[in-house]
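Since the structure comes first, as structure tokens, the remarks are kept for the end.
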Amino acid sequence: MSSNVRVRFAPSPTGLLHIGGLRTALYNYLFAKHHNGTFVLRIEDTDRTRYVEEAEQDIFENLIWASLKPDEGPATAIMNSAGDWPRGTSVTEESALGEEKDTGSFGPYRQSKRTELYHTYAKQLVDSGHAYYAFDTVDEIEAMRERFRTAKNPTPKYDPQTRSTMKNSLTLPENEVRRLLDDGAEHVVRLKVPSGETVRFDDLVRESVSFETDGLDDQVLLKADGMPTYHLANVVDDHLMSITHVIRGEEWLSSAPKHILLYRYLGWEPPEMAHLPLIMSPGGGKLSKRKAEEEGIPVNVRDYRLDHYEPEALVNFLAFLGWGPGDDREFLTLPEMIEAFTLDRVNKSGAIFDFKKLLWFNEHVMRDREDADLARELQPLAAEKGWGDVNERFLKSVVRLLKERVSRLPEFLEAGKFYVEAPKEYEEKAAKKAWKEGTTERVAKYRDRIAALGDETFVAPELKQILTDLVEEEEVGFGKLMMPVRVAVTGVGSGPDLFESLELLGREEVIRRLDAAVVKLG
RNA sequence: GCCGCGUUCGUCUAGGGGUCUAGGACGCCGCCCUUUCACGGCGGUAGCACGGGUUCAAAUCCCGUACGCGGUACCA
């Protein structure tokens with residue numbers, strides 16, 4: 001049973017999907033699903049100068065990777081695909097934009113394909129006296145700002161005061177306006193903002209918000225290139241697409257009153273609005289690409305996908321940046337989040353991106369996954385890293401031994417490097433601490449005893465027993481032999497269970513490494 | 001500058017007049033477990049921005065200040 005709740009995620013294809021964008025999408029998705037509603041994807045490609053070819057594709061891929069598949073959206077191969085997308089893989093080639101039909105009946109879902117609509121409504125606004133044509137060039141507007149600029153007002157607006165000095169259909173005689181229009185003179189359509197009014201609305205996150213219209217400028221609705229601005233397009237589309245709730249970032253709060261005015265002048269009921277707190281950089285300020293990367297935080301969702309982060313972890317972490325279920329749970333599956341999600345639990349203040357906490361979520365998700373599953377995902381990475389044709393069974397053992405000590409999938413390859421490659425050198429501190437008087441002799445003895453083991457008996461319990469017996473005979477502590485063996489075999493002083501590791505390496509390899517260490521460290 | 005929004009441990013948050021000597025989580029520190037390191041378990045550290053009100057009572061309501069953030073484009 002579906003309700004009439006309809007929300008949209010409306011990114012602009014001006015760059016790769018940003019982590020903040022993903023959170024906005026997530027909250028929209030959660031809200032929609034919580035109410036059995038519809039999650040719409042709309043591409044706001046009205047800025048032709050900033051259009052980035054690969055951006056749209058990137059948005060689709062990453063939404064699907066994060067399990068936030070839109071119910072309605074533009075026509076693409078990936079949108080029409082089954083849904084599950086392989087973790088951590090780039091799929092650009094295989095999923096090239098297709099010519100399939102849109103999913104949903106409120107399309108087209110790309111604003112660049114809806115321009116006639118915007119012109120119709122812009123015309124309607126002009127005819128009803130709530131908008132007007134303006135013929136000023138960019139230079140003329142700049143000159144106006146220069147003219148009215150004062151210390152108190154560094155950026156004069158195009159508003160009821162200044163518009164009377166400009167070239168527009170409010171100041172020009174009617175026949176002149178007609179002539180300019182007929183001649184195809186470059187022009188824009190501007191919203192005629194009233195003076196002396198208060199626009200108030202109830203934000204679902206912030207409650208009552210109000211603005212004085214005197215603080216607003218005559219927003220351009222239709223640009224000279226014929227494209228609408230965000231303001232017009234978003235209002236027209238949200239209405240035509242029957243969007244019931246607009247859930248977007250706080251950076252839009254300031255323009256909300258202009259939207260309210262547009263709904264009013266178009267004679268439409270505005271949707272409910274919810275402005276989400278921004279995701280902040282640890283150093284302060286909106287988490288911008290540059291700022292984040294300076295602090296070592298990737299901002300593109302693609303980076304996380306290609307780096308094999310667990311999508312469930314990223315989603316869980318992002319959900320908690322500005323929202324919480326209200327109880328003590330920290331780990332929630334997507335269905336659990338859907339169940340718990342309400343806008344009144346969304347916070348008002350910005351949330352700083354805590355990278356360590358993301359890693360904690362990632363570790364948790366990884367440890368919950370099956371060894372075989374992780375091994376399968378690891379295999380291509382291992383091959384890439386030059387691990388040779390290691391089989392899945394071997395990788396599964398590596399995963400089992402290392403799972404509790406890595407934060408991200410690729411780290412298996414670093415932490416487990418010694419499983420495929422003998423140490424070239426020994427960590428100095430560890431070697432010095434392990435290799436003392438008599439060590440060489442003891443290691444040699446251990447080497448000889450385990451060398452005598454058969455293939456079936458070269459197993460962890462046996463290897464441990466032999467070492468235990470030997471330290472007893474030698475009357476030394478367990479670590480006096482265990483640590484040197486560990487350093488000899490792995491090169492470092494810490495790591496996963498030694499005997500399991502020896503078993504996995506196999507007799508020949510272990511003997512080789514022990515011999516090498518006796519020579520180098522003895 | 002102007003407009004708007006915000007402010008509980010370092011961070012994410014619970015809390016919405018008395019049950020708050022403010023709860024949980026990440027991080028950090030310590031202890032335990034242990035063959036090392038981790039994992040895990042236990043414990044600790046640390047916070048209501050400030051100043052005025054209102055009230056018998058305020059982290060919670062009101063006002064102001066400070067600070068932070070956003071907006072101030074023919075970008076979204």
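As a basis for the values below, the full set of heavy atoms in this structure was taken, side chains included, without hydrogen atoms, waters or symmetry mates.
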> Which pair of non-hydrogen atoms, one from A:Leu505 and one from A:Tyr419, has the smallest distance, and what is that distance?
Replying inline: CD2-O, 3.5 Å

> Are A:His239 and A:Tyr263 near enough that their ring centres are under 6.0 Å apart?
Replying inline: no

>> Any heavy-atom pair between the side chains of A:Tyr132 and A:Val177 that's under 4.5 Å?
In response: no

>> Taking the C1' atom in each of B:C62 and B:G16, what is the distance between them to the nearest angstrom?
In response: 15 Å

>> Both A:Lys464 and A:Phe317 contact RNA chain B. Taking the nearest nucleotide for each, which residue is further toward the 5' end?
In response: A:Phe317

> Is there a side-chain polar atom (N or O) of A:Lys258 under 4.0 Å from OP1 or OP2 of B:U72?
Replying inline: no

>> If I pick the C1' atom on B:G15 and the same atom on B:U60, what distance separates them, to the nearest angstrom?
In response: 8 Å

Please list, for nucleotides 24-27 of chain B, all pairs of protein and nucleotide N/O atoms separated by less than 3.5 Å.
{"residue": "B:A25", "atom": "O4'", "partner": "A:Glu330", "partner atom": "OE2", "Å": "2.9"}
{"residue": "B:A25", "atom": "N3", "partner": "A:Lys357", "partner atom": "NZ", "Å": "3.1"}

Sub-3.5 Å pairs of nitrogen or oxygen atoms, protein against nucleotides 41-45 of chain B:
none

> Where each residue is assigned the nucleotide of RNA chain B containing its nearest heavy atom, which of A:Val220 and A:Asn347 is assigned the position nearer the 5′ end?
Replying inline: A:Asn347

>> Does A:Glu428 have more than 12 heavy atoms from other residues, nucleotides or ligands lying within 6.0 Å of its CD?
In response: no

>> Say we look at B:C48 and B:U8: how far apart would their P atoms be, to the nearest angstrom?
In response: 10 Å

>> A:Phe412 and side-chain contact (heavy atoms from CB on, under 4.5 Å): which single residue from A:Leu401, A:Leu395, A:Val406 fits?
In response: A:Val406

>> Under 3.5 Å for both donor-acceptor distances, Watson-Crick or wobble: does B:U72 have a partner, and if so which one?
In response: B:G1

> Is the NZ or CZ atom of A:Arg42 positioned over A:Phe9's six-membered ring, under 6.0 angstrom from the centre and within 45° of the axis?
Replying inline: no

>> Nearest to the A:Val209 side chain among B:G4, B:A76, B:A73, which nucleotide is it?
In response: B:G4

>> Within the 4.5 Å heavy-atom criterion, are A:Thr162 and A:Met144 side-chain neighbours or not?
In response: yes

>> Return the pairing partner of B:A66 with a 3.5 Å limit on both distances, Watson-Crick or G-U wobble; otherwise return none.
In response: B:U7

>> Suppose we define a pair by two distances each less than 3.5 Å, Watson-Crick or G-U wobble; what does B:A46 pair with here?
In response: none

>> What's the closest nucleotide to the side chain of A:Ile141 if the choices are B:C74, B:A76, B:A38?
In response: B:C74

>> Without decimals, in angstroms, what is the distance between A:Gln219 CD and B:G71 P?
In response: 14 Å

> So does A:Arg345 get a side-chain nitrogen or oxygen closer than 4.0 Å to the phosphate oxygens (OP1/OP2) of B:G15?
Replying inline: yes

> Using purine N1 to pyrimidine N3 plus N6-O4 or O6-N4 for Watson-Crick, or N1-O2 and O6-N3 for G-U wobble, each under 3.5 Å, what pairs with B:A59?
Replying inline: none

> Between A:Ala274 and A:Val205, what is the shortest heavy-atom contact and its length?
Replying inline: CB-CG2, 4.1 Å

> With sugar-phosphate meaning primed atoms plus P, OP1 and OP2, does A:Gly249 contact a base, only sugar-phosphate, or nothing at under 4.0 Å between heavy atoms?
Replying inline: nothing

> Taking the six-membered ring for Trp, are the ring centroids of A:Phe355 and A:Trp360 within less than 6.0 Å of each other?
Replying inline: no

> B:U34 pairs with which nucleotide, Watson-Crick or G-U wobble, both distances below 3.5 Å?
Replying inline: none

Which pairs, protein N/O on one side and nucleotides 58-66 of chain B N/O on the other, fall under 3.5 Å?
none

> Can you tell me the Watson-Crick or wobble partner of B:U54, both distances under 3.5 angstrom?
Replying inline: none

> Between A:Lys480 and A:Glu474, is there a side-chain N and carboxylate O pair less than 4.0 Å apart?
Replying inline: no

> Do you know the tightest heavy-atom contact between A:Gly196 and A:Thr213?
Replying inline: N-OG1, 3.5 Å

> Under 4.0 angstrom, heavy atoms only, what part of the nucleic acid is A:Ser12 near: base, sugar-phosphate, or nothing?
Replying inline: sugar-phosphate

> Paired with B:C39: which nucleotide, if any, by Watson-Crick or G-U wobble criteria at under 3.5 Å for both distances?
Replying inline: none

> For A:Val193, does its backbone N or O pair with a side-chain atom of A:Asp218 as donor and acceptor, under 3.5 Å?
Replying inline: yes

>> Once you apply a heavy-atom cut-off of 4.0 Å, does A:Phe211 come out as touching a base, just sugar-phosphate, or nothing?
In response: sugar-phosphate

>> Base, sugar-phosphate or nothing for A:Met227? Non-hydrogen atoms, less than 4.0 Å.
In response: nothing

Side-chain donor-acceptor pairs of residues 340-353 of chain A under 3.5 Å, sequence neighbours excluded:
{"residue": "A:Thr342", "atom": "OG1", "partner": "A:Asp344", "partner atom": "OD1", "Å": "2.7"}
{"residue": "A:Arg345", "atom": "NE", "partner": "A:Gly324", "partner atom": "O", "Å": "3.1"}

> Is A:Phe320 touching bases, backbone alone, or none of the nucleic acid, heavy atoms closer than 4.0 Å?
Replying inline: sugar-phosphate

> Would you say B:C75 has OP1 or OP2 under 4.0 Å from some side-chain N or O of A:Thr14?
Replying inline: no

For residues 220-237 of chain A, run the donor-acceptor check on the side chains, cut-off 3.5 Å, and write out each pair with its distance to 0.1 Å, sequence neighbours left out.
{"residue": "A:Lys223", "atom": "NZ", "partner": "A:Thr46", "partner atom": "O", "Å": "3.0"}
{"residue": "A:Asp225", "atom": "OD1", "partner": "A:Met227", "partner atom": "N", "Å": "2.8"}
{"residue": "A:Thr229", "atom": "OG1", "partner": "A:Val220", "partner atom": "O", "Å": "2.8"}
{"residue": "A:Thr229", "atom": "OG1", "partner": "A:Leu221", "partner atom": "O", "Å": "3.4"}
{"residue": "A:Tyr230", "atom": "OH", "partner": "A:Asn234", "partner atom": "ND2", "Å": "2.6"}
{"residue": "A:Tyr230", "atom": "OH", "partner": "A:Arg248", "partner atom": "NH2", "Å": "3.1"}
{"residue": "A:Asp237", "atom": "OD1", "partner": "A:Arg114", "partner atom": "NE", "Å": "2.7"}
{"residue": "A:Asp237", "atom": "OD1", "partner": "A:Arg114", "partner atom": "NH2", "Å": "3.1"}
{"residue": "A:Asp237", "atom": "OD1", "partner": "A:Tyr118", "partner atom": "OH", "Å": "3.1"}
{"residue": "A:Asp237", "atom": "OD2", "partner": "A:Gln111", "partner atom": "NE2", "Å": "2.8"}
{"residue": "A:Asp237", "atom": "OD2", "partner": "A:Tyr118", "partner atom": "OH", "Å": "2.6"}

> Hey, can you pull the residues of residues 284-294 of chain A with a non-hydrogen atom under 4.0 angstrom from RNA chain B?
Replying inline: A:Gly285, A:Lys286

>> If you compare all heavy atoms of A:Arg23 against all heavy atoms of A:Gly322, which two are closest, and at what distance to 0.1 Å?
In response: NH1-CA, 4.2 Å

>> Please classify the nucleic acid contact of A:Ser210 as base, sugar-phosphate, or nothing, using heavy-atom distances under 4.0 Å.
In response: sugar-phosphate

>> Does B:G6 have OP1 or OP2 under 4.0 Å away from a side-chain N or O of A:Arg206?
In response: no

> Which part of the nucleic acid, if any, lies within reach of A:Gly324 when heavy atoms closer than 4.0 Å are counted: base, sugar-phosphate only, or nothing?
Replying inline: nothing

>> Once you apply a heavy-atom cut-off of 4.0 Å, does A:Ser255 come out as touching a base, just sugar-phosphate, or nothing?
In response: nothing

> When all nucleic acid strands are considered with a 4.0 Å heavy-atom cut-off, which category describes A:Ala224: base, sugar-phosphate, or nothing?
Replying inline: base

> So, A:Lys464 and A:Glu500, do they make that salt bridge, N to O below 4.0 Å?
Replying inline: no

> So what does A:Asp497 touch, heavy atoms closer than 4.0 Å: a base, only the sugar-phosphate, or nothing?
Replying inline: base

